Each structure stands twice: as C-alpha cells, then as structure tokens.
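Below is one structure; the comments refer to it alone.
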Amino acid sequence: MKFLSRRRLSALCLKETRQILRDPSSGVIAFILPMILLVIFGYGLNLDTTRLRMGLCDEDGGPVAASFTAKLTGSTYFEIFPGSRAELDALLETGGIRGYAVLAQDFSRIVDQGRETAPIQVITDGAEPNTANFMAAFMKNVWQEWRQTRAKDQGRDAVQGARVEVRYWYNAAAISRHYLIPGSITIIMTVIGAMLTSLVVAREWERGTMEALLASPVTRAELLLSKLLPYYVLGMISMSVVALSAVHLMGVPFRGSVGALLLVTTVFLLSMLGIGLLISSVMRNQFDSAQTTLNVAFLPAVMLSGAFFVIASMPAPVRALTYLLPPRYLVSSLQTIFLAGDVWEILLPDILFLTGTSVLFLTLTALKTVRRLDA
C-alpha cells in the first residue's frame, strides 16, 4: 500500500470540501464571523483621543478667564461642558465627562501680574490612565499657547520655550485603527485556523464515520492532509477577504508585499491548523474541542498577543509566556507588513518561530492519530 496515494487524497479532500459546503457553520465562521469581527475591532474599538467630554468650572468669571475658556472651547479634541464643581463632580462620577478644569477666583489677577503659572486645577478620571494623562498634557499645552498668543496681542515678547515638532513614523495620521486592524486580523486567523479544525476530527468520531475511514486503505498521512488542505485554502481565502476589506474599506495602509503576507499567513495557518487538529484528535468530542480551543488558542490570542494590550506593560512572567504563543508573532509581522513594509529583520524571526510551531503541532497530531478505535 502506498504511503500517499494521490487518488485517495483527492477523494478525501473532495469529501471534506463537500462537507464544508454542506455545513452552514463553516461558512459562517470562515466568512461572516471574520467580517463581523473586523467591523467591531475596526470601528468599535478606538484608542484615538478625539472629542472627549470635558467639564470647565470658571470661578473667576473675568474677561481674561473668558479668553482662556474660548481657547479651550475651540479645541477639536474636547467637548466642553461648563458648570459648577458640584455639577461636574456628579458628571465625573457617572462617566458623563472624563475630567474637568477649574479656573480659580484669582485667575485673572495672577495672569495680569505676569506670573509664569496660574491656578488651574485639572481633575481627571483615573480609571482610564491614558485619557487622564492626555487631558493633563493637553491643558498644559493650551496654557502655553494661550500665554504666547496673549503676549503677542499685547505687544510684548512672546514667551519663549522649546519648540517641539512631532512626527509619527509608519502611522503618520496617528489613527489607532491602522494599528489595531493587523492585530484584529490575527484574532480572525486564529478563529479560522484553530476553531474550524478543532471540530473536524471530533465530528468524524461523533458521527461514526471515523470507523469507516479506519477500515479503508487510507493512510494516516492522507487522513491528516485531507483535513488540513481544505481548511488551509479556506483560511487563505478568508485572509484575502479581510486584508482587502481592511485596505479598501477601512483605509489601512499596506506597505509590504503580497508575497510576504502569503508566507507569514501560511506558516501561521499551518501552526493553528495543527493546534486545532491536535485538540480534535485528543478530545473526540465537538463541545470539548471547542471549549479547549477557546482557552488554548482564542483567548490567549486576544489577551496576550499584543494586538490590543501592550506586552511591555505586562508582568515579567506573563511577558515570558507570550513568547510561546504563535499569535504574538503574527501580530508583529502583520503590523510590520501593513505599516512599515517588508522589514525582514522582523519578519524572518517571526516566520522561523511559526514554522517551528507548525512542524511541532502537526507532528504531535500525526503521532496522536492512530489506526485503532481503542487508542
């Protein structure tokens, strides 16, 4: 008996393809769910600090304070809500605003005296540290700009200070969606790779069709390849759909090459397909396989891949754990390909690790797949 028969393998792949076409859940997971996740991550998750709700308590009420208030109101970053301390405290507690500024009663007098500082109190919601830090830095910048403008209007020398010109590399518009979408695609590919294949072998056992396959001349290699190849093609089609949607519908830049994207996607998909097949071969039950895949593949991809949460800010033991997770390397590669281009100093280590995990998980799956019902 041949170790690998092209005829038997083609027949098995055709059987698996027909099963995919007949099973509505496969199409939902492969095409509908990725688009839903892409829209949620692309439009629902936003780290851009624009149009934040900010309160303003003007206890001075003079023309100088009114001038400074006008400067704040004209900002495109904040929506200003005037009110008293008590009113703004209540809004802050209920989440109606993210913070508020207080202009003290002697604000105008101190400014007219030409002092370097003025009594401006900024109270922010510490539940979101990034937003709180942004609001504090924004108030400082507005204060400096307003002082310089006021000095020029009065014919005095403008206050001299350091001139900072900020330039963002790779994401010049500083749009968080451009950074988040490559990570979102990683989550989608994890779903396609691990979730789909975690059910295929278990489904054969539950339906009793595995006995018929084991009684046939089909070899172990043919059985595994027939479960692997159709879902690999399905995963590559899904990657094409979400990548084209990210670029053409959501405006995410694509500065790398299609070849690099296909190479990285291939080794990652093989790794995740191997994980799914291994879980499915061990569990032999669709429900148990799905639950195990959720805990082993999907949740770590969301929480520990660096797609949404900065790995550098995690505790040292958790950071060490992330180096063992394939999604971490796909996030790094996709962010590089989309935003920077084909930077092979980054891509090659990621590809080598993903290749190693692909070989590891596929080998373990092959060892676990035996031609005995009692194994």
Side-chain angles (χ1 to χ4, degrees), residues 30-31 33-35 37-39 41-43 45 47 167-194 196-197 228-275 297 301-302 305-308 310-311 322-323 325-362:
F31 300 110
L33 183 59
M35 294 307 300
L37 292 175
L38 192 65
V39 170
F41 291 143
Y43 294 107
L45 186 62
L47 303 181
R167 178 187 176 187
Y168 294 96
W169 283 20
Y170 311 129
N171 189 6
I175 300 175
S176 63
R177 184 189 307 159
H178 294 176
Y179 172 81
L180 294 173
I181 289 297
S184 304
I185 294 176
T186 298
I187 309 302
I188 294 170
M189 288 298 100
T190 301
V191 172
I192 298 300
L196 281 176
T197 53
L228 188 69
L229 295 178
Y231 291 99
Y232 167 76
V233 174
L234 196 64
M236 296 303 289
I237 295 174
S238 182
M239 167 59 87
S240 302
V241 171
V242 294
L244 289 172
S245 300
V247 174
H248 295 291
L249 296 182
M250 298 183 175
V252 179
F254 184 82
R255 300 190 173 99
S257 64
V258 175
L261 179 62
L262 293 177
L263 178 59
V264 171
T265 304
T266 293
V267 290
F268 178 78
L269 267 179
L270 290 177
S271 179
M272 300 313 298
L273 290 171
I275 291 177
V302 174
S305 65
F308 309 123
V310 180
I311 294 178
T322 64
Y323 285 100
L325 303 176
R328 171 188 174 133
Y329 298 90
L330 184 63
V331 170
S332 170
S333 295
L334 290 183
Q335 288 176 346
T336 301
I337 292 172
F338 274 87
L339 301 180
D342 295 346
V343 184
W344 292 104
E345 291 82 357
I346 298 175
L347 297 179
L348 282 179
D350 295 342
I351 291 172
L352 289 175
F353 178 87
L354 292 174
T355 302
T357 56
S358 300
V359 173
L360 172 64
F361 291 124
L362 292 175

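This one's a predicted model, so the numbers in the text were calculated from it and none came from an experiment.
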- [ ] Output yes when a side-chain donor or acceptor of H178 lies under 3.5 Å from a complementary backbone atom of Q335, and no otherwise.
- [x] no

- [ ] Please round to the nearest 0.5 Å and tell me the distance separating atom CD1 of I187 and atom CD1 of I192.
- [x] 12.5 Å

TODO: Hey, could you give me the OG/CG distance between S271 and L325, rounded to the nearest 0.5 Å?
DONE: 10.0 Å

Open item on the list: Once side-chain contact (heavy atoms from CB on, under 4.5 Å) is applied, do any residues pair with L348, and if so which ones, sequence neighbours excluded?
Closed with: W344

Task: Inter-residue atom distance L261.CG - T266.OG1, 0.5 Å rounding - done: 9.0 Å

Task: side-chain contact (heavy atoms from CB on, under 4.5 Å) assessment of L228 paired with L270 - done: CA-CA 8 Å; L228 188 69; L270 290 177; 4.2 Å; yes

- [ ] Check whether any side-chain heavy atom of M189 lies under 4.5 Å from a side-chain heavy atom of M272, and answer yes or no.
- [x] no

Open item on the list: Distance check, rounded to the nearest 0.5 Å: I185 atom CD1 versus L180 atom CG?
Closed with: 11.5 Å

Open item on the list: If we check side-chain contact (heavy atoms from CB on, under 4.5 Å) with F268, which of these qualifies: T190, I351, L273?
Closed with: T190

Open item on the list: Tell me whether R255 contacts the main-chain N or O of L339 through its side chain, where contact means a donor paired with an acceptor under 3.5 Å.
Closed with: yes

Open item on the list: Quick check for you: to the nearest 0.5 Å, what is the distance between L262 atom CG and S257 atom OG?
Closed with: 8.5 Å

Task: Partner of P182 under side-chain contact (heavy atoms from CB on, under 4.5 Å), chosen from V331, L334, L330 - done: L334

- [ ] Measure from the side-chain N and O atoms of T336 to the backbone N and O of S332, and report whether any donor-acceptor pair falls under 3.5 Å.
- [x] yes

Task: Atom of A340, atom of V343 and distance for their closest heavy-atom approach - done: CB-CG2, 4.1 Å

Task: Contacts of type ring-ring contact (aromatic ring centres under 6.0 Å, His included), residue F361, not counting sequence neighbours - done: none

Open item on the list: Is there a side-chain contact between V247 and F338 in this structure, where contact means two heavy atoms from C-beta onward sitting under 4.5 Å apart?
Closed with: yes

- [ ] Looking only at non-hydrogen atoms, find the nearest pair between L269 and Y232 and report the distance.
- [x] CD1-O, 4.0 Å

TODO: Starting at OH of Y329, measure out to OG1 of T186 and round the result to the nearest 0.5 Å.
DONE: 13.5 Å

